[in-house]
Amino acid sequence: MTFAFDNSPVWLDLLGVFFFAVSGSLLAARKQIDIVGSLLLASLVGLGGGVIRDIILGIVPAAFTNPAYLAPPVLATVLVFFLFSSVQRYTSLLILFDAAGLALFCMTGTLKALATGLNPVASVLLGVTTAVGGGLLRDITANEVPELFNPKDIYALPAFLGSSLTAALWVVGVFNVLTAAAIAALVFTFRVLAWRRSWQAPLAVRGWHRRAGDTGL
(Lines give C-alpha, C1' and ligand atoms only; values in the text may rest on other atoms or scores of the structure.)
Protein backbone atom coordinates (compact mmCIF):
# COMPACT_ATOMS: atom_id res chain seq x y z
CA MET A 1 0.00 0.00 0.00
CA THR A 2 1.55 3.30 -1.13
CA PHE A 3 0.80 6.78 0.10
CA ALA A 4 -1.74 8.93 -1.69
CA PHE A 5 -0.08 12.31 -1.69
CA ASP A 6 -3.41 14.12 -1.44
CA ASN A 7 -4.26 12.63 1.96
CA SER A 8 -1.57 10.81 3.94
CA PRO A 9 1.11 13.55 4.05
CA VAL A 10 -1.51 16.02 5.31
CA TRP A 11 -2.31 13.82 8.31
CA LEU A 12 1.40 13.24 8.94
CA ASP A 13 1.94 16.99 8.65
CA LEU A 14 -0.81 17.75 11.18
CA LEU A 15 0.57 15.18 13.59
CA GLY A 16 4.03 16.68 13.21
CA VAL A 17 2.59 20.15 13.85
CA PHE A 18 1.04 18.88 17.08
CA PHE A 19 4.25 17.27 18.36
CA PHE A 20 6.30 20.36 17.59
CA ALA A 21 3.61 22.61 19.07
CA VAL A 22 3.71 20.69 22.35
CA SER A 23 7.47 21.22 22.49
CA GLY A 24 6.89 24.95 21.99
CA SER A 25 4.33 25.15 24.78
CA LEU A 26 6.57 23.13 27.10
CA LEU A 27 9.41 25.55 26.46
CA ALA A 28 7.03 28.45 27.13
CA ALA A 29 6.05 26.84 30.45
CA ARG A 30 9.70 26.36 31.39
CA LYS A 31 10.39 30.02 30.58
CA GLN A 32 7.27 31.07 32.56
CA ILE A 33 5.68 32.71 29.52
CA ASP A 34 1.94 33.41 29.68
CA ILE A 35 -0.64 31.37 27.78
CA VAL A 36 -0.79 33.81 24.86
CA GLY A 37 2.96 33.56 24.43
CA SER A 38 2.66 29.79 24.76
CA LEU A 39 0.18 29.69 21.88
CA LEU A 40 2.39 31.91 19.73
CA LEU A 41 5.47 29.81 20.45
CA ALA A 42 3.54 26.60 19.76
CA SER A 43 2.29 28.04 16.46
CA LEU A 44 5.74 29.26 15.49
CA VAL A 45 7.47 25.92 15.97
CA GLY A 46 4.55 23.84 14.70
CA LEU A 47 3.91 25.83 11.53
CA GLY A 48 7.25 27.52 10.87
CA GLY A 49 8.96 24.64 9.09
CA GLY A 50 6.00 24.03 6.82
CA VAL A 51 5.67 27.72 5.97
CA ILE A 52 9.36 27.88 5.03
CA ARG A 53 8.93 24.74 2.90
CA ASP A 54 5.91 26.05 1.01
CA ILE A 55 7.46 29.47 0.39
CA ILE A 56 10.53 27.80 -1.11
CA LEU A 57 8.23 25.68 -3.29
CA GLY A 58 6.46 28.84 -4.45
CA ILE A 59 3.03 27.91 -3.13
CA VAL A 60 0.71 29.46 -0.56
CA PRO A 61 1.64 27.91 2.82
CA ALA A 62 -0.76 25.16 3.85
CA ALA A 63 -1.11 26.81 7.27
CA PHE A 64 -2.86 29.75 5.53
CA THR A 65 -5.15 27.71 3.27
CA ASN A 66 -6.24 24.84 5.55
CA PRO A 67 -7.82 25.86 8.89
CA ALA A 68 -7.05 22.39 10.26
CA TYR A 69 -3.43 23.49 10.71
CA LEU A 70 -4.52 25.96 13.40
CA ALA A 71 -6.01 23.24 15.61
CA PRO A 72 -2.80 21.41 16.72
CA PRO A 73 -1.13 24.50 18.28
CA VAL A 74 -4.34 25.37 20.14
CA LEU A 75 -4.73 21.79 21.39
CA ALA A 76 -1.08 21.64 22.45
CA THR A 77 -1.36 24.92 24.35
CA VAL A 78 -4.48 23.79 26.20
CA LEU A 79 -3.00 20.40 27.09
CA VAL A 80 0.19 21.89 28.47
CA PHE A 81 -1.79 24.53 30.37
CA PHE A 82 -3.82 21.92 32.24
CA LEU A 83 -1.27 19.12 32.52
CA PHE A 84 2.07 20.88 33.00
CA SER A 85 1.69 21.25 36.78
CA SER A 86 1.79 17.46 37.07
CA VAL A 87 4.73 17.09 34.67
CA GLN A 88 8.10 17.02 36.38
CA ARG A 89 10.49 15.91 33.67
CA TYR A 90 9.53 18.67 31.24
CA THR A 91 12.95 18.74 29.55
CA SER A 92 12.67 15.06 28.66
CA LEU A 93 9.14 15.58 27.36
CA LEU A 94 10.24 18.56 25.28
CA ILE A 95 12.96 16.47 23.64
CA LEU A 96 10.58 13.55 23.03
CA PHE A 97 7.91 15.68 21.37
CA ASP A 98 10.53 17.59 19.40
CA ALA A 99 12.04 14.30 18.20
CA ALA A 100 8.60 13.06 17.12
CA GLY A 101 7.96 16.25 15.16
CA LEU A 102 11.40 16.01 13.57
CA ALA A 103 10.75 12.41 12.50
CA LEU A 104 7.49 13.31 10.76
CA PHE A 105 8.48 16.65 9.23
CA CYS A 106 11.63 15.32 7.57
CA MET A 107 9.37 12.90 5.69
CA THR A 108 6.48 15.23 4.85
CA GLY A 109 8.84 17.97 3.68
CA THR A 110 10.63 15.53 1.40
CA LEU A 111 7.39 14.03 0.09
CA LYS A 112 5.87 17.39 -0.74
CA ALA A 113 9.02 18.47 -2.56
CA LEU A 114 9.07 15.25 -4.58
CA ALA A 115 5.36 15.59 -5.36
CA THR A 116 5.92 19.09 -6.78
CA GLY A 117 8.65 17.86 -9.12
CA LEU A 118 11.87 18.66 -7.27
CA ASN A 119 14.76 16.27 -7.80
CA PRO A 120 15.59 13.87 -4.93
CA VAL A 121 18.67 15.80 -3.73
CA ALA A 122 16.79 19.10 -3.52
CA SER A 123 13.88 17.29 -1.89
CA VAL A 124 16.14 15.90 0.83
CA LEU A 125 17.50 19.38 1.56
CA LEU A 126 13.98 20.80 1.73
CA GLY A 127 12.90 17.93 3.99
CA VAL A 128 15.71 18.77 6.41
CA THR A 129 14.82 22.46 6.26
CA THR A 130 11.20 21.64 7.07
CA ALA A 131 12.25 19.48 10.01
CA VAL A 132 14.69 21.89 11.66
CA GLY A 133 13.15 25.23 10.66
CA GLY A 134 10.42 25.37 13.29
CA GLY A 135 12.73 24.35 16.13
CA LEU A 136 15.23 27.00 15.06
CA LEU A 137 12.54 29.69 15.15
CA ARG A 138 11.26 28.42 18.51
CA ASP A 139 14.65 28.53 20.21
CA ILE A 140 15.64 31.93 18.81
CA THR A 141 12.30 33.46 19.82
CA ALA A 142 12.58 32.01 23.34
CA ASN A 143 16.17 33.30 23.64
CA GLU A 144 17.60 29.77 23.76
CA VAL A 145 20.69 28.41 22.03
CA PRO A 146 19.16 26.65 18.97
CA GLU A 147 19.50 22.88 19.15
CA LEU A 148 20.68 23.03 15.55
CA PHE A 149 23.83 24.85 16.72
CA ASN A 150 24.32 23.04 20.00
CA PRO A 151 27.84 21.52 19.88
CA LYS A 152 26.87 19.01 22.59
CA ASP A 153 23.98 17.49 20.68
CA ILE A 154 23.04 16.11 17.26
CA TYR A 155 19.91 17.60 15.70
CA ALA A 156 20.09 17.86 11.91
CA LEU A 157 21.72 14.47 11.21
CA PRO A 158 18.62 12.43 12.16
CA ALA A 159 16.59 14.65 9.81
CA PHE A 160 19.13 14.11 7.01
CA LEU A 161 18.87 10.37 7.56
CA GLY A 162 15.07 10.39 7.48
CA SER A 163 14.84 12.66 4.44
CA SER A 164 17.43 10.63 2.51
CA LEU A 165 15.68 7.34 3.23
CA THR A 166 12.31 8.83 2.29
CA ALA A 167 13.62 10.09 -1.05
CA ALA A 168 15.46 6.84 -1.82
CA LEU A 169 12.47 4.63 -1.06
CA TRP A 170 10.15 6.92 -3.00
CA VAL A 171 12.41 6.81 -6.06
CA VAL A 172 12.47 3.00 -6.09
CA GLY A 173 8.72 2.86 -5.46
CA VAL A 174 8.68 1.15 -2.07
CA PHE A 175 7.72 4.07 0.15
CA ASN A 176 4.56 2.98 1.93
CA VAL A 177 2.90 2.95 5.34
CA LEU A 178 5.26 0.34 6.77
CA THR A 179 8.47 1.90 5.47
CA ALA A 180 7.29 5.34 6.59
CA ALA A 181 6.68 4.03 10.10
CA ALA A 182 10.13 2.43 10.11
CA ILE A 183 11.80 5.68 9.01
CA ALA A 184 9.94 7.69 11.64
CA ALA A 185 10.92 5.22 14.36
CA LEU A 186 14.56 5.27 13.23
CA VAL A 187 14.78 9.08 13.19
CA PHE A 188 13.02 9.36 16.55
CA THR A 189 15.32 6.78 18.15
CA PHE A 190 18.44 8.37 16.65
CA ARG A 191 17.47 11.80 17.94
CA VAL A 192 16.60 10.62 21.45
CA LEU A 193 19.72 8.46 21.78
CA ALA A 194 21.89 11.34 20.58
CA TRP A 195 20.43 13.51 23.33
CA ARG A 196 20.58 10.93 26.10
CA ARG A 197 24.10 9.77 25.30
CA SER A 198 25.46 13.22 24.36
CA TRP A 199 26.58 12.16 20.90
CA GLN A 200 28.48 14.92 19.12
CA ALA A 201 29.38 15.65 15.53
CA PRO A 202 32.98 16.64 14.66
CA LEU A 203 33.82 20.31 15.12
CA ALA A 204 34.07 22.64 12.13
CA VAL A 205 37.89 22.43 12.01
CA ARG A 206 39.87 19.21 12.39
CA GLY A 207 42.21 19.43 15.34
CA TRP A 208 39.99 21.66 17.47
CA HIS A 209 38.95 20.14 20.79
CA ARG A 210 36.02 20.85 23.03
CA ARG A 211 36.94 22.28 26.40
CA ALA A 212 34.96 21.54 29.53
CA GLY A 213 32.54 24.35 30.25
CA ASP A 214 33.17 26.00 26.88
CA THR A 215 29.85 27.42 25.64
CA GLY A 216 31.00 29.83 22.99
CA LEU A 217 33.52 32.45 21.99
Side-chain angles (χ1 to χ4, degrees), residues 9-31 33-80 93-113 115-116 118 122-150 153-160 162-163 166 184 187-188 191 195:
V10 173
W11 288 107
L12 290 177
D13 223 16
L14 290 173
L15 191 58
V17 170
F18 173 74
F19 287 139
F20 266 137
V22 171
S23 77
S25 289
L26 286 172
L27 181 57
R30 192 181 75 183
K31 304 280 287 188
I33 298 173
D34 64 33
I35 192 170
V36 176
S38 177
L39 176 59
L40 292 177
L41 201 58
S43 300
L44 187 64
V45 61
L47 303 175
V51 169
I52 294 172
R53 173 199 64 205
D54 292 344
I55 290 176
I56 292 175
L57 291 174
I59 60 179
V60 178
F64 300 144
T65 59
N66 187 347
Y69 277 85
L70 302 179
V74 173
L75 178 59
T77 302
V78 172
L79 287 176
V80 171
L93 281 177
L94 195 158
I95 295 295
L96 291 176
F97 277 100
D98 183 78
L102 192 79
L104 293 178
F105 266 25
C106 70
M107 289 194 298
T108 58
T110 304
L111 289 173
K112 193 161 188 177
T116 56
L118 261 65
S123 298
V124 168
L125 295 177
L126 190 55
V128 175
T129 301
T130 305
V132 305
L136 181 63
L137 294 174
R138 173 198 63 206
D139 294 339
I140 291 175
T141 302
N143 198 27
E144 293 277 306
V145 176
E147 285 297 320
L148 182 61
F149 302 126
N150 185 354
D153 199 1
I154 292 178
Y155 193 69
L157 287 181
F160 268 112
S163 295
T166 298
V187 174
F188 177 83
R191 171 71 185 107
W195 169 70

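Residue numbers start at 1 and run along the sequence shown.
- Look at Arg138 and Glu144 and you find no salt bridge, because none of the NZ, NE, NH1 or NH2 atoms lies under 4.0 Å from a carboxylate O.
- Put simply, the side chain of Thr129 reaches to within 4.5 Å of the side chain of Ile52, judged on heavy atoms.
- The distance from the CG atom of Leu111 to the OG1 atom of Thr116 is 10.5 Å, given to the nearest 0.5 Å.
- Applying the salt bridge (charged side-chain N to carboxylate O under 4.0 Å, His left out) test to residues at least two apart or on different chains, the pairs with a partner in residues 46-70 are Asp13-Arg53, Asp54-Lys112.
- A salt bridge links Glu147 with Arg191; the closest basic N to acidic carboxylate O contact falls under 4.0 Å.
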Quiz prompt | Candidate pair Phe105 and Val132, rule side chain to side chain contact (heavy atoms under 4.5 Å, CB included), full reasoning | solution = CA-CA 8 Å; Phe105 266 25; Val132 305; over 6 Å; no
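- Minimum interatomic distance between Gly127 and Thr110 (heavy atoms only, all atoms of both residues): CA-OG1, 3.4 Å.
- Between atom CG of residue Leu26 and atom CG of residue Leu79 there is a gap of 10.0 Å, rounded to the nearest 0.5 Å.
- Ser163 places no side-chain N or O within 3.5 Å of a backbone atom of Phe160 that could act as its donor or acceptor partner.
- If you look at Phe97 and Phe20, their ring centroids are not closer than 6.0 Å.
- To the nearest 0.5 Å, atom CZ of residue Phe64 and atom CD1 of residue Ile59 are 12.5 Å apart.
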Practice problem: Test Leu126 against Leu57 for side chain to side chain contact (heavy atoms under 4.5 Å, CB included), laying out the working first. | Solution: CA-CA 9 Å; Leu126 190 55; Leu57 291 174; 3.5 Å; yes
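- What you find for Leu47 and Leu70 is that their closest heavy atoms are CD1-CD2, 4.5 Å.
- Here the straight-line distance linking atom CG of Leu14 with atom OH of Tyr69 works out to 5.0 Å at 0.5 Å rounding.
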Practice problem: Would you please test Ile55 and Val51 for side chain to side chain contact (heavy atoms under 4.5 Å, CB included) and show each step? | Solution: CA-CA 6 Å; Ile55 290 176; Val51 169; 3.7 Å; yes
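- Here the CD1-CZ distance, from Ile140 to Phe149, works out to 7.0 Å after rounding to the nearest 0.5 Å.
- Put simply, the side chain of Val187 reaches to within 4.5 Å of the side chain of Cys106, judged on heavy atoms.
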Pair up each side-chain donor or acceptor in residues 33-43 with any protein partner under 3.5 Å, not counting sequence neighbours, and list the distances.
from, atom 1, to, atom 2, distance (Å)
Asp34, OD1, Val36, N, 3.1
Asp34, OD1, Gly37, N, 2.8
Ser38, OG, Ser25, OG, 3.1
Ser43, OG, Leu39, O, 2.8

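- Looking at Val145 and Asp139, their side chains never come closer than 4.5 Å, going by heavy atoms from C-beta outward.
- Using a 4.5 Å heavy-atom threshold, the side chains of Leu96 and Phe19 count as separate.
- Between Val80 and Ala29 the shortest heavy-atom distance is CG1-CB, 4.3 Å.
- With a 4.5 Å cut-off on side-chain heavy atoms, Ile154 and Trp195 do not count as touching.
- Note that the CG atom of Leu75 and the CZ atom of Phe18 stand 5.0 Å from one another [nearest 0.5 Å].
- Minimum interatomic distance between Ala184 and Ala103 (heavy atoms only, all atoms of both residues): O-CB, 3.4 Å.
- The two atoms that bring Thr65 and Pro67 nearest to each other are O-CD, 3.7 Å, heavy atoms only.
- Gly109 approaches Thr130 most closely through the heavy-atom pair CA-OG1, 3.7 Å.
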